[in-house]
Protein chains: 2
Amino acid sequence: METLDQVPGRQTAERSMTATELAEQLRTAIVSGELVPNQRLVEADLAAEYGASRGNVRVALSELSVEGLVERVQNRGARVRAVSVDEAVEITEVRAALEGLCARKAAERITEPEIAELQELAVRMKDAVDRGDRESYSEANQALHARIIAISAQQTAAATIQRLRGQAVRFQFRLARQPGRPAVSLPQHLAIIDAVCAHDADAAAEAMRVHLESVADVIRASNT
Amino acid sequence: METLDQVPGRQTAERSMTATELAEQLRTAIVSGELVPNQRLVEADLAAEYGASRGNVRVALSELSVEGLVERVQNRGARVRAVSVDEAVEITEVRAALEGLCARKAAERITEPEIAELQELAVRMKDAVDRGDRESYSEANQALHARIIAISAQQTAAATIQRLRGQAVRFQFRLARQPGRPAVSLPQHLAIIDAVCAHDADAAAEAMRVHLESVADVIRASNT
DNA sequence: CCGGCCGGCATTGCTAACAATCTGATTACT
DNA sequence: AGTAATCAGATTGTTAGCAATGCCGGCCGG
């Protein structure tokens with residue numbers, strides 16, 4: 001009953017937007033980079049652009065501020081939060097611990113068809129590196145992490161990881177562009193897959209942790 | 001309609017309350033158990049009780065809902081979220097991973113005076129167990145976890161742990177009442193302290209993880 | 001020429017009223 | 001008597017407007 005919006009992109013259905021919908025749209029706009037860090041988020045402007053009332057904009061900004069995507073200061077409005085390199089490192093360290101947990105649980109719970117699936121991902125990654133296909137490798141990389149999290153069936157960890165990834169997405173992006181990166185991470189990914197498929201929980205957790213800690217090291221070194 | 005509230009306790013300065021202050025008060029009310037799980041949170045009632053406007057109540061509830069303390073359903077209002085045993089187990093598992101990370105970093109960064117501090121905590125815990133002083137033991141327990149998190153200087157992990165603890169606080173409480181519990185957890189705590197003070201990062205992380213996983217096991221077994 | 005007060009503008013914070021929706025019970029009909 | 005339609009009360013969702021606050025530029029005094 002809503003969203004007349006034939007404009008591709010976001011805005012301005014005729015009918016007003018609920019606070020949750022608005023929060024969702026703003027979230028994707030921020031993580032996609034459409035709204036850049038430190039950009040001011042003026043309530044009235046957002047209300048006009050997205051066709052929502054200011055009250056809803058206010059609620060949405062509050063929620064995003066709790067999620068860490070937006071920074072609010074009293075009487076001075078909201079802006080897109082800029083995460084520092086130090087914070088990105090911390091976030092990646094936390095992800096290392098959390099995805100390590102997921103790898104552990106995945107190793108305990110994985111079924112035969114899922115093992116086949118992961119091993120096919122391993123093949124795809126090797127091929128991509130052989131062909132120098134960075135795009136394809138990055139895709140498989142994301143798929144691997146997502147699958148392991150899904151297999152772990154640890155929803156609390158999954159939710160936390162997703163929230164943190166939203167904050168650090170800019171750095172993930174930079175990382176994918178590093179030239180020699182796939183050659184370094186491929187063996188780590190293969191080790192993770194091997195351990196999970198072998199039901200070796202400890203090894204899986206450790207392999208995943210080491211992998212993401214190495215990502216943290218790269219971020220640490222990326223800027224001074 | 002109720003509680004004209006000149007009751008001593010939290011509320012109602014003359015001036016109305018900002019949304020953030022209100023969220024803070026509601027948060028403590030929930031984690032302290034003043035507001036019980038599944039209790040309805042009617043916007044108008046809260047506004048009257050805390051002397052805030054309904055708009056602020058609404059914003060505060062949205063924030064708490066993002067934090068996972070409150071559950072909101074469309075057009076049906078908000079209530080204090082009841083976390084299931086399964087969720088409490090998941091939360092404890094995540095804490096195991098995160099506090100493991102903190103223990104690791106603490107072991108890397110700990111200084112001499114901090115080592116002395118932790119070792120004094122170890123003495124206090126042993127004494128408390130010897131004397132059967134459950135209260136004192138529980139206190140030292142909390143202090144230990146807090147100190148290690150502080151020493152780690154991992155703010156992202158610290159914030160995440162705190163948020164999760166807020167959700168599972170009810171189960172923590174139950175746990176402290178278990179009769180034979182201190183005898184089991186004391187050696188685990190001592191192992192953590194030893195590893196951290198010895199700058200053995202791997203051992204510290206593993207000891208902390210094992211400790212909290214054992215807590216998760218107790219919760220798992222607590223109810224069917 | 002420079003530095004501190006002052007007033008207007010932009011923006012947020014807040015309030016009160018209105019509209020939409022849900023719940024539960026009463027009533028009418030088979 | 002049982003079931004379905006309906007209506008009243010309560011509660012949430014939304015909107016518009018008002019008050020408060022901070023920022024910026026001009027004006028006055030030194």
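Every heavy atom of this structure was used, including side-chain atoms; hydrogens, water molecules and symmetry mates were not. Per chain, numbering begins at 1; letters A, B, ... match sequence-line order.
Of the candidate nucleotides C:dT23, D:dT12, C:dG13, C:dG13 has the atom lying nearest to any side-chain atom of A:Q74. Closest approach to the A:S53 side chain among D:dT15, C:dG13, C:dA17 is made by D:dT15 (side chain taken as heavy atoms from C-beta onward). Which of C:dG13, D:dT12, C:dC14 sits closest to the side chain of B:T18 comes down to C:dC14. Listed candidates were D:dT11, D:dT14, C:dC14. Nearest to the side chain of A:R54 is C:dC14. Among the nucleotides D:dG13, C:dT15, C:dT12, the one closest to any side-chain atom of B:N56 is C:dT15.
Between the side chain of B:E99 and the main chain of B:C102, no donor-acceptor pair closer than 3.5 Å is present. In this structure, A:Q25 contributes its side chain and A:L22 its backbone to no donor-acceptor pair below 3.5 Å.
OP1 or OP2 of D:dG13 has at least one side-chain nitrogen or oxygen of B:R72 nearer than 4.0 Å.
Atom P of nucleotide C:dA17 and atom CZ of B:R58 are separated by 18 Å, given to the nearest angstrom. Nucleotide D:dA10 holds its C1' atom 15 Å from the CZ atom of B:R79, rounded to whole Å. Rounded to whole angstrom, the span from the CG atom of B:L46 across to the C1' atom of D:dA10 amounts to 15 Å. Between A:E43 atom CD and C:dT11 atom P there is a gap of 11 Å when expressed in whole angstrom units.
For B:R72 and B:E43, the salt-bridge test passes: some basic side-chain N is under 4.0 Å from an acidic carboxylate O. Looking at B:R95 and B:E90, no side-chain N of the basic residue comes within less than 4.0 Å of a carboxylate O on the acidic one, giving no salt bridge.
Side-chain to base pairing of B:R76 with D:dG13: no donor and acceptor N or O lie closer than 3.5 Å to each other.
Using a 4.0 Å heavy-atom cutoff across all strands shown, B:L61 reaches no nucleic acid atom at all.
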